[in-house]
Amino acid sequence: MTDSRPGAGMDRGSLSEESSIKHFVASLGFDRRLYREDIAGSVAHARMLARQGIITVRDAELITTALASIRGEIERGEFLFSMEREDIHMSIEARLYEKIGDVAGKLHTARSRNDQIAMDLRLYIRQAVADTLSALRTFQKSLVETAGGHRVVVLPGYTHLRRAQPVLLAHHLLAYFEMAERDKGRFQDCLKRSDVLPLGSGALAGVPYPVDRASLARELGFPHITANSLDAVSDRDFLLEFQAAAAITMMHLSRLCEEMVLWTSAEFGYATMLPDYTTGSSIMPQKRNPDVAELVRGKTGRVYGHLMGLLTVMKGLPLSYNRDMQEDKEGLFDAVDTLQACLEMCAGMVQGLRFDRRRTFKAAEEDYALATDVADYLVAKGLPFREAHGVVSRLVDYATGQGKPLRALSLEEYRRFCPLFEEDVRSITAHSSVSARGVPGGTGPRQVAAALRRARRLIERESAAE
Ligand code: ARG
């Protein structure tokens, strides 16, 4: 990553005091990323000013044509970003002056940088939400594909990281599908409150010109306009909501990565990762480390940090705009980029997992993971569950003492603990255990197959609508 901070790569010792202050207040180093949004907003604003007779149609045309060519310059890398300009707004306006002279000065009629930056950020969030939703969908697709390719694989389900009951691997993977589904809901929800046009709020009190906010909103695709100018220029809730949603999504990815680290360890030995997602050790030649998964887990920290950072920036601010708010951007951009990259990595890692189904099956039957099923067996024979639980608990203690799995006990040994046991108790397997859980939402194969179908349909529908 290149360091794009203002002053980065410059010899700070040679800066005069005046220019070090300039650098301190400048945001151009990072807000230049908003050039597209800034220009889109300015073009719509200029057109609206002309429609309302606030500037002439000819001036608006000069302005919008020049703005389009500035966008081209930036995109082709020809635009000279000068640290003499504080931020992206001033940089573009300065270039506009160079191109069309004093007419450039008319663009900022009925507008302030305060409502301008609020609008840029709202346009930015709209795109960030769209990109995040699409990355979440790709991630979900890889979960569904991997789940679909391992329909009969059984592994131990855990609580307290102790083997608890057998589950289908597909069921386990689809748990993450559900998390991603809720994540998508949170980003969509954030968009609802983000998609509101703040332009027309001016510096803080509204503007003394006959602007048409509704037509501006239509042109920029905002379904609503803000209702209070003070709030509009000082509201950053929509960024906080995005960051909160990003933090929760990262928490989900981090949990998944933790599981992948465990599954691919020699201790578990359930799966292997594509070698691309691992790296060797510089000293131990035998090692393949799950660095990508570890980094996703680690990067979760900085995304949480950005949320906390912005909450802290906002907490003591009186209405309305305060320059503190310029600090909203770097963390936001980093959260957007980090989340996008982590989703992409996780999709690839999940897709590339290869499972050792014999080993996971064996693990699912070891450690008395079928004990609950044995208790349920007694319940089916009429014993109250609490009693059955007690019987099997004593049975497991006995088997543990003998150093034997339950399946190695004779029927006579079973019967010492309860006369209701019959030969068929020994037909309890991880498969029968899983199959018994046909309850909606359970790990029964039919339920899981239906969940897979639902998940596939959902993704297909969304991809088609994209
Ligand atoms: N760079 C500023 C920011 O990001 C833009 C708004 C500046 N407004 C002001 N009154 N100085 O918040």
Side-chain angles (χ1 to χ4, degrees), residues 4-8 18-42 44-45 67 70 74 79 81-97 104-105 107-128 194 196-208 220 226 228-243 306-307 309-337:
S4 59
R5 281 171 307 170
E18 188 208 2
S19 65
S20 77
I21 297 169
K22 260 192 189 157
H23 278 86
F24 185 77
V25 297
S27 53
L28 182 60
F30 45 88
D31 70 9
R32 53 207 259 182
R33 184 163 168 164
L34 295 171
Y35 76 89
R36 241 183 271 114
E37 290 78 5
D38 200 66
I39 289 174
S42 289
H45 182 67
L67 284 171
I70 292 173
I74 298 176
F79 190 97
F81 284 101
S82 159
M83 284 305 161
E84 285 305 300
R85 310 280 169 233
E86 192 176 287
D87 54 28
I88 186 64
H89 324 298
M90 311 267 245
S91 301
I92 291 172
E93 190 174 299
R95 182 72 184 124
L96 198 59
Y97 266 99
L107 172 61
H108 214 49
T109 314
R111 190 175 74 171
S112 143
R113 275 189 295 158
N114 296 351
D115 54 356
Q116 189 176 354
I117 186 61
M119 190 216 45
D120 289 5
L121 287 170
R122 285 172 187 269
L123 286 174
Y124 175 82
I125 282 292
R126 187 191 292 169
Q127 188 59 48
S194 191
V196 186
L197 176 96
L199 277 184
S201 303
L204 76 162
V207 293
L220 287 168
T226 52
N228 181 301
S229 60
L230 289 168
D231 178 43
V233 296
S234 68
D235 168 27
R236 294 292 182 271
D237 293 2
F238 58 103
L239 299 185
L240 287 165
E241 288 188 42
F242 185 95
Q243 307 244 43
H306 297 320
L307 168 62
L310 184 56
L311 280 169
T312 312
V313 164
M314 298 303 294
K315 74 173 274 290
L317 302 186
L319 290 181
S320 57
Y321 178 84
N322 297 270
R323 193 58 177 269
D324 316 45
M325 288 157 64
Q326 179 168 295
E327 290 293 312
D328 58 4
K329 291 172 199 60
E330 286 163 289
L332 172 71
F333 296 154
D334 185 64
V336 169
D337 294 343

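Remember, it's 1-based here, ligands and their atoms both numbered in the order they're listed.
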**Q** Look at atom 3 (C) of ligand 1 and say which protein heavy atom is nearest, naming residue and atom and giving the distance to 0.1 Å.
**A**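 Answer for atom 3 (C) of ligand 1: Tyr321 OH, 3.2 Å.
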
**Q** Quick one: does Met325's side chain get under 4.5 Å of Leu121's, heavy atoms only?
**A** no

**Q** Numbering the atoms of ligand 1 from 1, which are under 4.0 Å from a heavy atom of Gln326?
**A**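 Answer for ligand 1: 1 (N), 2 (C), 3 (C), 4 (O), 12 (O).
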
**Q** Mark up the atoms of ligand 1 that fall under 4.0 Å of a heavy atom belonging to Arg323, in ascending order.
**A** 11 (N)

**Q** Any carboxylate oxygen within less than 4.0 angstrom of a Lys/Arg side-chain nitrogen, looking at Arg33 and Asp337?
**A**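 Looking at Asp337 together with Arg33, the answer is yes, because their closest N to O distance falls below 4.0 Å.
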
**Q** Closest approach of His45 and Leu107, non-hydrogen atoms and distance?
**A** CD2-O, 3.2 Å

**Q** Do the side chains of Gln326 and Asp87 get nearer than 4.5 Å, heavy atoms only?
**A**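 No; the side chains remain at least 4.5 Å from each other.
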
**Q** Taking the basic N atoms (NZ, or NE/NH1/NH2) and the acidic carboxylate oxygens, is any pair closer than 4.0 Å for Glu37 and Arg122?
**A**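 Answer for the salt bridge query: no.
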
**Q** Give yes if a backbone or side-chain nitrogen or oxygen of Ser27 is under 3.5 Å from a nitrogen or oxygen of ligand 1, and no if not.
**A** yes

**Q** Side chain, backbone, both or neither: which applies to Glu86 and ligand 1 if a contact is any heavy-atom pair less than 4.0 Å apart?
**A**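 Neither part.
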
**Q** In plain terms, say whether Arg113 and Glu86 are close enough for a salt bridge, that is, a side-chain N and a carboxylate O under 4.0 Å apart.
**A** yes

**Q** For Lys329, which part has a heavy atom under 4.0 Å from ligand 1: side chain, backbone, both, or neither?
**A**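 Lys329 to ligand 1: side-chain contact only, backbone stays beyond 4.0 Å.
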
**Q** Please report which non-hydrogen protein atom sits nearest to atom 10 (N) of ligand 1, along with the residue it belongs to and the distance in Å to one decimal place.
**A** Asn114 OD1, 3.1 Å

